[in-house]
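In what follows, a structure is listed as structure tokens, so that the remarks can point back to it.
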Amino acid sequence: MKRRSRDEAVFVALLVLGLAAMLWAGAHYPYDVSLFPFVMGFPTLAILLIIWIMAMRSHAGGGKPSQNSGECGSGPAGDFTGWGAMLDTLAWIVAYALLIFLAGFIVATPLFLLVFFYKKSDLSLFKSFLGSALASLAVIRFVMAFASDLWLGALPEIWPGVLGGSIIPPL
Amino acid sequence: MLESMAMALGKMLEPMGLLSLFSGCLMGAVFGILPGLGGILSMAVALPFSFGMEPMNAMLLFAGIMSSEGFGGAIPAILLNTPGTAQNAATCMDGYPMAKKGQAGRAISIAATSCLVGSLGGVVMTMILLPIVKPMIYAFGYPEFFWMTLFGLITIVVAAKGHLFKGLAGGGIGAMLSMVGYTDMYGVMRYTGGSDYLWDGIPLVPFVTGLFAISELIIYTSRGGSTAKLLSTMGNLSWGKQAIQGVKDVFSRPLAAVRSSFLGSMVGIVPGLGGPVASFVSYTVAMRRSKNRDEFGHGSPEGIMACEVAMDAKDGSALLPTVAFGIPGSPDQAILLGAFILHGLQPGPLMIRDNMDIVYALLFGIVLSQVFLSIIGILIAPLMARISLIPSRIIAPFVLMLVFFGAYLAKGNIFDVGMALAAGLLGYTLRRFGFPLITVVMGFILGPLVERAFLQSLQMSDGSFGVFFSRPISLVLVVLCGAVFLIPLIRSFFRKGGRAIR
């Protein structure tokens with residue numbers, strides 16, 4: 001519980017910093033443009049500071065659960081796992097996103113599904129292969145009905161129309 | 001009015017209209033059956049796919065999803081004692097005991113029939129109230145819309161699960177994020193940090209989809225496993241007889257059906273309350289009024305009926321504040337509001353004046369998809385229940401795939417996939433520390449609307465803030481905002497009891 005209060009205090013502090021940075025940037029805009037961000041931003045900042053103080057007090061008091069403890073503290077115990085399991089899942093999601101960026105949807109999707117089913121879902125190699133191939137085929141065909149141009153990857157063009165050669169938009 | 005109704009019916013009965021409606025129906029039912037994946041997630045996943053559709057067909061897709069989740073969620077609630085969506089939690093109390101007695105077919109049939117009755121009740125209630133609300137909307141100016149939107153936001157914050165301050169902070173964070181990008185009122189950029197990608201602001205589709213869907217997937221996948229086992233008595237049921245009995249159970253209690261329908265509709269009209277409140281309130285009232293009070297909790301048909309009728313009645317009536325004031329009547333309608341904006345539909349007086357056919361299409365769509373689902377649902381419920389036995393680690397990659405494809409599809413920009421991912425991470429962390437996501441989305445969607453109302457009010461009054469307090473309707477709304485915000489605070493000060501909805 002003490003660790004949770006500390007994590008919460010760190011997260012809220014990050015939110016406070018982010019919001020403060022937005023308000024500071026807003027100070028350089030003309031009055032009319034910055035008026036509404038200030039109307040919304042300053043009360044939000046004040047509320048976040050209250051939440052941060054409550055989290056710090058909870059941390060200092062040995063992490064005693066309070067009404068402030070939110071879903072993790074007051075919700076069903078099984079809803080949130082430890083950070084380790086969460087980061088493991090997140091790593092898979094990030095890996096899929098990166099793979100899409102590099103190799104495009106058509107190559108990344110079956111590859112991701114195959115590895116996920118085999119490694120994470122404990123399916124046999126045959127079932128993983130079959131599942132990933134069928135699911136990818138169905139979804140890609142379905143999606144192509146909506147968008148003619150799927151992202152093919154940031155890699156140089158290797159297989160025209162399938163792998164590589166997409167132009168990275170300006171960031 | 002009649003012309004709009006006829007147009008809505010005509011569009012709905014076209015092949016694409018029916019296909020959209022039934023696709024939504026199927027999607028809602030499947031997501032509803034999967035415990036942990038129902039509710040807002042299915043709407044969020046569907047949002048990007050609706051982008052390329054005609055607005056009318058897109059709305060029919062959402063009508064199908066909204067109306068079918070309740071029944072989809074009732075199936076695992078009855079057969080597995082695991083509610084598919086939060087609003088089905090009350091159904092477990094009598095549905096599962098009934099299934100254990102070997103009457104699963106009857107319970108599912110009661111749920112299906114009740115959903116249909118509830119949908120009809122909610123839609124009728126909305127159609128009665130719409131003409132009453134109409135002149136009220138036209139009497140609203142910019143200051144009133146400003147307060148009304150704030151009122152909606154505060155109501156949702158108060159009703160949302162978690163701490164009151166965190167709900168408010170979530171709304172503020174959402175509103176601040178909505179201010180990134182080009183301001184069309186002043187023609188300048190804000191908070192883009194020099195990024196070209198952020199010129200148009202944080203894109204709605206990947207943000208909302210990521211916030212809800214990816215955060216849910218992280219929780220769902222890291223938890224692992226699947227739900228409970230199917231009841232062993234499933235194979236021995238005389239399905240047909242029980243289905244007919246279930247239909248009779250509902251139609252033999254017309255007064256209870258009307259009462260639950262009315263209660264559900266009333267809950268639906270109050271912004272932010274949603275299905276769980278509707279079903280629990282209706283269940284409690286039904287139990288108090290019933291002659292067979294002792295049966296409740298042990299497999300009472302009245303108990304299942306009360307929950308399911310109210311839950312589905314709220315779907316229709318929750319459209320009223322969404323359409324009329326741009327304030328979602330239930331959490332899933334926050335996504336519907338996003339869909340309105342995505343398709344260039346402006347909730348409020350403009351929608352009531354120009355797009356009544358869309359409003360009627362949503363209402364008729366809810367009823368038609370419920371008719372379809374009730375019939376099909378009773379027939380294939382045992383088969384549908386097996387979907388919830390699929391382990392989460394097989395379902396999760398499919399949903400993730402849909403989320404990333406969907407995020408990309410809306411604008412064809414690959415960085416939208418990254419935005420969905422970032423929003424998902426933000427959503428997960430916010431949820432982990434008790435910030436209700438619905439208020440973040442509300443702030444994000446309503447932020448630009450509130451800003452416009454705020455600035456135009458000031459323009460009206462040459463910069464005087466008095467305009468927000470000098471008009472009678474504004475004053476009433478200020479008092480309402482204060483009451484909704486302060487009453488729970490005062491209550492919790494005197495009574496250290498918690499309240500959590502959804």
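Labels below follow one simple rule: chain letters A, B, ... track the order of the sequence lines, proteins then strands, and each chain is numbered from 1. Bear in mind that the values here come from a model prediction, so they are computed numbers and not experimental data.
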Under 3.5 Å, is there a donor-acceptor pair between the side chain of R190(B) and the main chain of V33(A)?
-> yes
Structural part of L455(B) lying under 4.5 Å from a heavy atom of chain A | side chain
Where on A175(B) is there a heavy atom nearer than 4.5 Å to chain A: the side chain, the backbone, both, or neither?
-> side chain
Interface moiety of M179(B) toward chain A, non-hydrogen atoms closer than 4.5 Å = side chain
Of the backbone (N, CA, C, O) and the side chain (C-beta and beyond), which part of L45(A) lies under 4.5 Å from a heavy atom of chain B, both, or neither?
-> neither
What part of V180(B) lies closer than 4.5 angstrom to a heavy atom of chain A: side chain, backbone, both or neither?
-> side chain
Plane angle bin for F117(A) and F398(B) - parallel if under 30°, tilted between 30 and 60°, otherwise perpendicular | tilted
Quickly, which of Y142(B), F145(B), F454(B) forms a ring-ring contact (aromatic ring centres under 6.0 Å, His included) with F468(B)? Name it, please.
-> F454(B)
Among the listed options V188(B), I414(B), D196(B), the residue most often paired with chain A at heavy-atom distances under 4.5 Å = I414(B)
Using non-hydrogen atoms only, which part of L87(A) is less than 4.5 Å away from chain B: side chain, backbone, both, or neither?
-> neither
Contact part of F404(B) toward chain A, heavy-atom cut-off under 4.5 Å: side chain, backbone, both or neither?
-> both
Distance, nearest 0.5 Å, that separates CD1 of I93(A) from CG of L400(B) | 5.5 Å
Are the aromatic ring centres of Y118(A) and F129(A) under 6.0 angstrom apart?
-> no
Under a 4.5 Å heavy-atom cut-off, does chain A meet the side chain of Y191(B), its backbone, both or neither?
-> both
Looking only at heavy atoms, the pair that brings A46(B) and L61(B) closest together is CB-CD2, 4.1 Å
Quick one: what part of L430(B) sits under 4.5 Å from any heavy atom of chain A, side chain, backbone, both or neither?
-> both
So, the part of I173(B) with a heavy atom under 4.5 Å from chain A: the answer is both
Part of L123(A) within contact of chain B (heavy atom distance under 4.5 Å) = side chain
Which portion of V94(A) sits near chain B, non-hydrogen atoms under 4.5 angstrom | both
With a 4.5 angstrom heavy-atom cut-off, which part of D32(A) approaches chain B: side chain, backbone, both or neither?
-> both
Any idea which of F116(A), F11(A), Y96(A), F36(A) has the most non-hydrogen atom pairs under 4.5 angstrom with chain B?
-> F36(A)
Measure the acute angle between the ring planes of Y428(B) and W83(A), then classify it against the limits of 30° and 60° as parallel, tilted or perpendicular.
-> perpendicular
Looking at NZ of K120(A) and CG of D88(A), how far apart are the two atoms once the value is rounded to the nearest 0.5 Å?
-> 3.5 Å
Could you grab the distance from atom CG of L48(A) to atom NZ of K166(B), nearest 0.5 Å is fine?
-> 10.5 Å
Nearest-0.5 Å distance that lies between atom CG in L421(B) and atom CG in L426(B) = 11.5 Å
